[in-house]
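When a ligand or atom number is given, it counts from 1 through the structure's own listing order. Everything numeric here is computed off the predicted structure, so don't read it as measured data.
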Amino acid sequence: MIAAVLNLLLNWNLAAADLEKSGKGTERSIPEPGELLRAPLFHTPRNPFLHDRAMECHWDGGLLIRDGRVAACGDFETLRTANPSAMTTDLRGGFLLPGLIDTHIHFPQLRVLGCLGRSLLDWLEECALPEEARMADESYARQIARGFVHALASHGTTTALVFGAHFAPATAALFEAGRASGLRIVSGLVMSDRKLRPELHQTPEAAYRDSSDLIRCFHQRGRLLYAVTPRFALSTSEAMLEVCQTLRQEHDGLRFQTHLNENVREIAEVAGFFPWASDYLAVYERFALGGRGAVMAHDVHPTASEIERLAAGGTAVAHCPCSNAALGSGLFALKRHVKAGVRVALGTDVGGGTGFGMLKEALHAYLLQRVAPEGALVDAAQMLYLATRAGAEALGLENEIGDFEAGKAADIVYIRPPVDTPLAAVLERVESPEQALAAIFTLAGAESIQEVRVEGSVVQK
Ligand code: GUN
Ligand code: ZN
């Protein structure tokens, strides 16, 4: 293994030179019969929480891309022999992972990052909502949207389920920025009619009209999808939740996102607003707001019954460990969710969280499980799954993205630490692929994301 790693490092400069030749920052059209990327690669075509040896690693790996799709994934020499005319791009010196998938993040909260020291409801009032109100200014929203999609791409995120703004033009600005970036953006107008601040409230009628317009403009256009997005039960009346239900009935393929069971004070206030509901999840269930393609963020304080019902309905949970720690929301019961069969993916929850890095988020899933009572021991394969394939499953996109199986879209992140960084030093010494992957999760930030592709085309260099 050490020899293999030395070989890897010897090829470091070669790989850098090849990248130079390939034309920085430009979209590459891939000539038939395809491009063969050569680098160590990892992916999780199966769920490592349920299956042994679910992660596939090819240390001298090959990824054959044709027409934006993965044509084959395996050992480089085998693929080169079978595809002698494919153009080889030598990326040794770095590592290939499937594009990262963030299943919970707020676009208007980019400038809220770092507002620490408060719990959810105070944080909303003092940090998040004043900035979200600024999204009424369309040109400001456009500026933030551009920075937001750039931050996603520069951290290796190729797909994100995003809370839009409370204003339709600002939400449209996010979709436009997403379209221009080439990323896969799933988002929607944030719907609320109480408890926030008056300028963030819409009537259910206006929310219905604006959402319908946005769906017509952006849903299933290129790589964009629309998600019906009530902020949380606390800020949405029954009439507003009914609008959400109607929208889902009226349009095929919509996703759904909201918050669930994040904070004990929030949960108590929700119980006061919906006295007929047996628990928080029952509020959404009354309006059929769950099931496949629905993602509930947090679920830090679930009852046993809620976990069972999430699993039975196929509703996914976006686990946001950095946010849960930063807002003091609590420790996520990963083992209970996984054991019951709930789909769990990862979200950065910018700006309640601590940044855009999905690798960092996966590391914090590991760290917080280490200190949680009855915490799970999350290994590198599980971290990779949470940051990639689990997100695809949560969004109902597992046939399209999330791993390198043949036929999937070639959404790729190429990780190569700059020389003289701790990660580069650690990778000189690793003795197994799993160690290399764990080191990447521990140490790789945006500086180590060298290239990002969606459907084979470079979106970030
Ligand atoms: N619950 C309702 N809105 C929010 C939000 O913006 N962030 C988080 N973390 N929780 C919420
Ligand atoms: Zn959130």
With ring-ring contact (aromatic ring centres under 6.0 Å, His included) as the test, would you mind laying out the steps for Phe163 and His259 before giving the verdict?
CA-CA 11 Å; Phe163 266 61; His259 296 88; 4.8 Å; yes

Verdict with supporting geometry, His301 and Val264, side chain to side chain contact (heavy atoms under 4.5 Å, CB included):
CA-CA 7 Å; His301 305 283; Val264 287; 4.0 Å; yes

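The number of heavy-atom neighbours closer than 6.0 Å to CD of Glu125, taken from other residues, nucleotides and ligands shown, is 12 or below. More than 12 heavy-atom neighbours from other residues, nucleotides or ligands sit within 6.0 angstrom of CD on Gln249. Counting heavy-atom neighbours within 6.0 Å of Arg370 CZ, excluding the residue itself, gives a total of 12 or less.
In summary, Cys320 places no N/O/S atom under 2.8 Å from the Zn ion (ligand 2), failing the contact criterion. Distances from the Zn ion (ligand 2) show that His298 has no N/O/S atom below 2.8 Å.
Distances from the Zn ion (ligand 2) to the N/O/S atoms of Asp349 are shortest for OD1.
In summary, Glu393 and Arg389 engage in a salt bridge, as defined by a charged side-chain N under 4.0 Å from a carboxylate O. A salt bridge links Glu126 with Arg118: the distance from a Lys NZ or Arg NE/NH1/NH2 to an Asp or Glu carboxylate oxygen falls below 4.0 Å.
Using a heavy-atom distance under 4.0 Å as the criterion, the protein contacts of ligand 1 are His106, Gln109, Leu120, Trp123, Leu124, Arg231, Phe232, His259, Glu262, His298, Leu327, Asp349.
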